[in-house]
Amino acid sequence: MNRDELLSICPFLRAALLRNRYDTDTLLDALGPEVHAALSRNEPVPVRRASASCGELGTLIRLFLLTDDCPAGEVAEALAPLAVDDAVAAGLLESEGDVVRAALDLRPLDIGGGNRWVLSDLDGSLRPRETPVDHVIGVGHASLSLLQATPTAPVGTLLDIGTGCGIQALHGASYADAITATDLNVRAVDLAAVTAALNEQEVELLAGSWFEPVEGRTFDQVVANPPFVVSRATVGHTYRDSGLDLDGASELMISRVADYLAPGGTAALLASWIHVEGEDWRARVASWLPAHGIDAWVVQRDVADPALYVGTWMRDGGLDTRDPATATIAGDWLDHLASADVEGVGFGFVYLRRTDAPTDLMAEDLTHGFTDPLGAEALAYFDRVAWLRDHDVLTARFRVEESTALERVFLPGDEGWTQVVARLHRGNGPAWQHEVDDLVASLVAGMRGDGLVLGELIELLAAAHGVDAEELAQSAVPLVHALVRHGLVLPA
């Protein structure tokens, strides 16, 4: 791969891709939903059959998405005005006689705001190959999950740490005025530069470790999909291994990113953390945060036991654990986790906002299903936390968020239906639930926006139920704080 030559062919390659409508919508229309789904499953036969009737677009599908050997003449027609010899010289293609094949992965992706093209190394799913240390992974599940979870409110400056193929930086072009992206892997920086050029996006790309290339600078937003794999302090593949022991990569990112956030700036990070026997994972993550100046929302989306975790990442590296040599690696990995009393590995999102107040942390499990993206919710969460910090809830009026419902669950008993639980359930966002009793349900029912302040509602309820108003307030205030944090009730 030659960065300068790849950059030089970008205008011609872009013209060919546009002419053939090599984009996500056209691929779906041309292949049909069933065959397109087969493509997502890396099943080449139905895709190859369907693409045969797609003309030059079909040639591009077979060349870049199936990594087939293709006749040079057909490729020349599909890539015009880009010459095949120039594409080979740049490292986009390989040639052997009258046959041409892809040397890089080039695929369309709709990341919001329209179609984009992303360049990365071939992943070996359709054409087996060894994965070198500097392999640049394409857009995988982790990258997509961060894309969907990133706040996209307009910002001035954006920093993408560990940019890889550049997909997060490319996404940032839809909401940031200026984008800076860094990566330790020089090959990743080169491919990200070509991806940006192919999409006619301006990105400042810097090679270096972690925050070193931007030392002394601050940004309105930071995003990062760092090499967070929990393992030994070694590097097998730069896209996933940090060289730091266990969850050291996540600790480094979470503990240092505040220094690179402008006042009010936010960060959206993917991270993982170990679950140690006898310890609370929340306390572990909390220990990585500074004591002052950060609001943090940590969302644990999944927990894997060590055997599942190691097996998953071994397969990710193209290794077969049935092979004796590979099995030894897996065994050493599991031994290392066991020596640190690791009983599980958590994975999720970390959202941070820089403030001038003592650090506030909410770390929670969100392993249930929900459909709304978390990015907008993260910004709203920080706004709610800031409001709580500045207001006495007893003197405030509240309203119930419009999607919040009161649910009651009854089970059959000896005397008919018996209520076993009542809960407030928010129907949008992360779909939070809070179990409540009848008194709390009545308290929330009184929150009508223009009605009584919370303190007055509590006094009214206390009188109606014959309980002490002060004691009720002591229990109600933290509950209202929790309901506001989760957006089930909102300041009026």
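Judged purely by atom type and a 3.5 angstrom limit, Arg282 uses its side chain to pair as donor or acceptor with the backbone of Ala363. Using modelled atom types, one side-chain atom of Asp372 and one backbone atom of Gly429 make a donor-acceptor pair closer than 3.5 Å. Distance alone, capped at 3.5 Å, is enough to place a donor-acceptor pair between the Thr359 side chain and the Pro290 backbone. Using modelled atom types, no side-chain atom of Asp360 and backbone atom of Asp295 make a donor-acceptor pair closer than 3.5 Å. Of the possible polar contacts, one joining the Asp183 side chain to the Gly164 backbone as a donor-acceptor pair under 3.5 Å is found. The main-chain N or O of Ala181 is never found under 3.5 Å from a side-chain atom of Thr163 such that the two would form a donor-acceptor pair. Put simply, the side chain of Thr157 gets close to the backbone of Asp220: a donor and an acceptor are under 3.5 Å apart.
Around CG of Asp437, the count of heavy atoms belonging to other residues, nucleotides or ligands within 6.0 Å exceeds 12.
For Phe349, there are no ring-ring contact (aromatic ring centres under 6.0 Å, His included) partners at least two apart in sequence or on another chain.
Between Glu402 and Arg426, none of the side-chain N atoms (NZ, or NE/NH1/NH2) sits under 4.0 Å from a carboxylate O, so this pair counts as no salt bridge. Note on Asp247 versus Arg284: salt bridge recorded, some NZ/NE/NH1/NH2 to OD/OE distance being below 4.0 Å. Between Arg41 and Glu34 there is no salt bridge, since no side-chain nitrogen of the basic residue lies less than 4.0 Å from a carboxylate oxygen of the acidic one. Under a 4.0 Å N-O distance rule, the pair Arg353/Asp383 qualifies as a salt bridge. In summary, Glu251 and Arg256 do not engage in a salt bridge, as defined by a charged side-chain N under 4.0 Å from a carboxylate O. We find that Asp23 and Arg116 are not joined by a salt bridge, their nearest charged nitrogen and carboxylate oxygen being 4.0 Å or further apart.
Tested against Arg423, the residues Gln433, Glu435, His434 include a single side-chain hydrogen bond (donor to acceptor under 3.5 Å, both in side chains) partner, Gln433.
Aromatic ring orientation, His486 versus Trp432: parallel (interplanar angle below 30°, classes split at 30° and 60°).
Between the side chains of Trp297 and Glu364, at least one donor N or O lies within less than 3.5 Å of an accepting N or O. Between the side chains of His336 and Asp245, at least one donor N or O sits under 3.5 Å from an acceptor N or O. Side-chain polar atoms of His425 and Glu407 form a donor-acceptor pair below 3.5 angstrom. Of the N and O atoms on the side chains of Asn428 and Ser403, at least one donor lies less than 3.5 Å from an acceptor on the other residue. Between the side chains of Arg485 and Tyr381, at least one donor N or O sits under 3.5 Å from an acceptor N or O.
Aromatic rings from Phe382 and Tyr351 are positioned such that their centres are separated by 6.0 Å or more. Taking the six-membered ring for Trp and the full ring otherwise, the centers of Phe398 and Trp387 sit less than 6.0 Å from each other.
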Can you give me every donor-acceptor pair (side chain of residues 168-177, partner residue at least two apart or in another chain, under 3.5 Å) with its distance?
residue, atom, partner, partner atom, Å
Gln168, NE2, Ser143, O, 3.2
Ser174, OG, His171, O, 2.8
Tyr175, OH, Gln221, NE2, 3.2

>> Assess the residue pair Glu204 and Arg217 against the criterion (salt bridge (Lys or Arg N to Asp or Glu O under 4.0 Å)); give the C-alpha distance rounded to whole Å, side-chain angles, the decisive distance to 0.1 Å, and a yes or no.
In response: CA-CA 13 Å; Glu204 178 190 24; Arg217 298 170 61 181; 3.1 Å; yes

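Taking CH2 of Trp333 as the start and CZ of Arg232 as the end, the distance is 11.0 Å to the nearest 0.5 Å. Residue Gln300 holds its CD atom at 10.5 Å from CZ of Phe347, rounded to the nearest 0.5 Å. Interatomic distance, Leu39 CG to Leu27 CG, rounded to the nearest 0.5 Å: 7.5 Å. Rounded to the nearest 0.5 angstrom, Asp105 CG and Phe64 CZ are separated by 9.0 Å. Note that CD1 of Ile137 is 12.0 Å distant from CG of Asn185, once rounded to the nearest 0.5 Å.
The two residues Pro306 and Val342 make their nearest non-hydrogen contact at CG-O, 3.6 Å.
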